[in-house]
> 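For reference, the structure I am asking about is given below.
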Amino acid sequence: MHSNNELTVLIADDHPIFRRGLRMVIESDTQLKVVAEADNGAQALIEIKRLLPKVALLDMDMPEMDGLTVARELRDARLPVPVAILTMHKDEATFNAALDAGVKGYVVKDSAVAEIVACLKSVAAGQSFISPVLSGHLLNRAQSPAPKDASPLDALSQAERRVLRLIAAGKLNQE
């Protein structure tokens, strides 16, 4: 069994050499222990359910099931294993899809060596971690249009609201 202060990690990536490098970087920190590796999303999901690691580190693009599909499955099954995604994708749509799938960590492969240990520790501690290179996407997300359940009134200008209030008060067009 693993000691309680040890952070157990599953890594899933379909490139064996990249996986091996990841394991070396992760295990260079004495708190982190890779308990399983998978080379596709379906295998990752089976191993996550079996081992319940503290964090699952998933490649975005894998055969059989991609990282986001695995993340959604874990979320829907209410499994207490937070997901960090490793990806080459820096585009905003993919980033938002990952956050919508419940992903807690999002690391760009370019900066994985420098960021992965901090990401895994943050995610295991219940915090989010996003590669700083993507911080602009977070700001855009914060300023994006309100969700579909928001009132259409939110989109009105001050002048339009004033006119609407006057109409609601029974005033005529001329007034």
> Name all residues meeting the side-chain contact (heavy atoms from CB on, under 4.5 Å) criterion together with A77; count only those two or more places apart in sequence or in a different chain, and write none if there are none.
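By the side-chain contact (heavy atoms from CB on, under 4.5 Å) rule, A77 matches L79.
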> In this structure, would M24 and V113 fall into the same cluster of hydrophobic residues linked by side-chain contacts under 4.5 Å?
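Result: no, two separate clusters.
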> Using only atom types and a distance under 3.5 Å, with no angle test, would you say the side chain of E37 pairs donor to acceptor with the backbone of R19?
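Checked: no pair found.
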> If two hydrophobic side chains count as joined below 4.5 Å and joins carry through other members, does M65 share a cluster with M88?
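No.
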> Which heavy atom in L120 sits nearest to a heavy atom in L32, and how many Å separate them?
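For L120 versus L32, the nearest heavy atoms are CD1-CD1, 4.3 Å.
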> Is K121 paired with D29 through a side-chain N to carboxylate O contact shorter than 4.0 Å?
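Salt bridge flag = yes for K121 with D29.
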> Run L74 and L45 through side-chain contact (heavy atoms from CB on, under 4.5 Å) and show every step you take.
CA-CA 8 Å; L74 292 173; L45 192 57; 3.7 Å; yes
> Using the side chain to side chain contact (heavy atoms under 4.5 Å, CB included) rule, pick out the option among V123, L10, V83, L22 that qualifies with L57.
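Testing L57 for a side chain to side chain contact (heavy atoms under 4.5 Å, CB included) against V123, L10, V83, L22 leaves exactly one candidate, L22.
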> SG of C119 to CG of L86: how many Å apart, nearest 0.5 Å?
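The SG atom of C119 sits 7.5 Å away from the CG atom of L86.
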> Scan the side chains in residues 95-109 for donor-acceptor partners under 3.5 Å anywhere in the protein, sequence neighbours excluded, and list what turns up.
{"unit_1": "N96", "atom_1": "OD1", "unit_2": "R141", "atom_2": "NH1", "d": "2.8"}
{"unit_1": "N96", "atom_1": "ND2", "unit_2": "E92", "atom_2": "O", "d": "3.3"}
{"unit_1": "D100", "atom_1": "OD1", "unit_2": "R141", "atom_2": "NH1", "d": "3.4"}
{"unit_1": "D100", "atom_1": "OD1", "unit_2": "R141", "atom_2": "NH2", "d": "2.7"}
{"unit_1": "Y106", "atom_1": "OH", "unit_2": "H89", "atom_2": "O", "d": "3.3"}
{"unit_1": "K109", "atom_1": "NZ", "unit_2": "D13", "atom_2": "OD2", "d": "3.1"}
{"unit_1": "K109", "atom_1": "NZ", "unit_2": "D59", "atom_2": "OD1", "d": "3.4"}

> With rounding to the nearest 0.5 angstrom, report the CE to OG1 distance, M60 to T94.
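Interatomic distance, M60 CE to T94 OG1, rounded to 0.5 Å: 5.5 Å.
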> Closest heavy-atom contact between P53 and I48?
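Of all heavy-atom pairs spanning P53 and I48, the closest is CD-O, 3.7 Å.
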> Do I46 and V34 share a hydrophobic cluster, counting only Ile, Leu, Val, Met, Phe, Trp and Tyr and linking them when any side-chain heavy atoms are less than 4.5 Å apart?
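Different clusters: I46 never reaches V34 through Ile, Leu, Val, Met, Phe, Trp or Tyr contacts under 4.5 Å.
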> Rounded to the nearest 0.5 Å, what's the gap from CD on E73 to CG on L68? Could you check?
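It is 12.0 Å, given to the nearest 0.5 Å.
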> Could I get the full list of side-chain contact (heavy atoms from CB on, under 4.5 Å) partners for N40, not counting sequence neighbours?
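Scan of N40 (side-chain contact (heavy atoms from CB on, under 4.5 Å), adjacent residues dropped) gives A42, Q43, P63, E64.
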> Please assess T30 against E6 for the test side-chain contact (heavy atoms from CB on, under 4.5 Å), listing each intermediate value before the final yes or no.
CA-CA 8 Å; T30 56; E6 193 171 55; over 6 Å; no
> Using modelled atom types and a 3.5 Å cut-off, is there a donor and acceptor pairing between side-chain atoms of S28 and backbone atoms of V25?
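Between the backbone of V25 and the side chain of S28 there is a qualifying donor-acceptor contact (under 3.5 Å).
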> Does a side-chain heavy-atom distance below 4.5 Å link I11 with I26?
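With C-beta onward as the side chain, the pair touches.
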> Roughly how far, to the nearest 0.5 Å, is the OG1 atom of T87 from the CG atom of L58?
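Here the interatomic distance stands at 11.5 Å.
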> For the residue pair D39 and D14, what are the closest heavy atoms and their distance?
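Closest heavy-atom pair between D39 and D14: O-CB, 3.3 Å.
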> Does any N or O in the side chain of S122 come within less than 3.5 Å of the main-chain N or O of S128, such that one atom is a donor and the other an acceptor?
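Not confirmed, S122 side chain does not pair with S128 backbone.
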